[in-house]
Amino acid sequence: VNDVYKWNLLFGGLSLNSSTHGSPGWSAVGLLRSQDEIILLDTGGQQYRARLAERLAEYDIGPSDITAIALTHCHWDHMSNFPMFENAHIYVSAVDLAWASGLARGDLYVPELYVEELVERERVTTISHGFEISPRLRALASAGHTPGHMSFMAETDDGPVLFAGDAIKDERELTAGAAAMTLDAAASSRSIRELAELCEQEAAVLVCGHDRPLRVRGGKAIPSTIVPEVLNAAPGTLRLSDAWA
Ligand SMILES: [Zn+2]
């Protein structure tokens, strides 16, 4: 099994909302590396750009080295950095891209100009359930939060990693079996159940869109032993380790 991906979590997600400033949109971003591929799972929102470049540099990766990006869905806090990566082939849900590009301008969560760019861009593959970006990375339909939401199961040096995106935003949604912000509550509940069962069966790390990595045992979430490196912050700034405690 030496052809599994090297796995790193570049950004852990966090569920935050402010009554004055709304959500900072701190979503999870994953990195998969093999001999010939350097793949991002989601890209975060534009506020991540400087830190994203720094995080990649820690692995000696420059923006032009990224070979592929797998997007879970077309919300601003997950997709907005693909323009940094000119050489990347982008994988995006066919259903989600069609939905997002059909919305009127001014949607609250879909960055319409980025979506337009994605529709026009070369080297974009629209995908559906079961699509294999590689034999070690497959897409799982997980609709609800958005109509064509995709999650990704990767075989890695830390075992299977299920990158759920906003199909399961955080531990609360996993525990409740229901999603807080969804376009289809019944579909979301089904997706949460299916992904949680798969995680438990395969003993996979569950990376939620806006939470620390989890594992699922007996239908319950437990913090993963993988503690991402994003815990170190300058004094006086919010430390995710506190928020995750
Ligand atoms: Zn979302």
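Since the structure is predicted, the reported quantities are computational estimates derived from the model, not experimental observations. Every number for a ligand or one of its atoms is a count from 1 in the order of the listing.
Note on ring orientation: taking the six-membered ring where Trp is involved, the planes of Phe163 and Trp7 are perpendicular (angle over 60°, cut-offs 30° and 60°). The aromatic rings of Tyr91 and Phe131 lie tilted to each other, with the angle between the two planes from 30° to 60°.
Within Asp166, OD2 is the N, O or S atom that lies nearest to the Zn ion (ligand 1). The nearest N/O/S atom of His75 to the Zn ion (ligand 1) is ND1.
The angle that His73 NE2 and His145 NE2 make at the Zn ion (ligand 1), rounded to 10°, works out to 100°.
Nearest heavy atoms, Ala203 versus Pro160: O-CD, 4.2 Å.
In Arg172, the CZ atom is not crowded: 12 or fewer heavy atoms of neighbouring residues, nucleotides or ligands sit closer than 6.0 Å.
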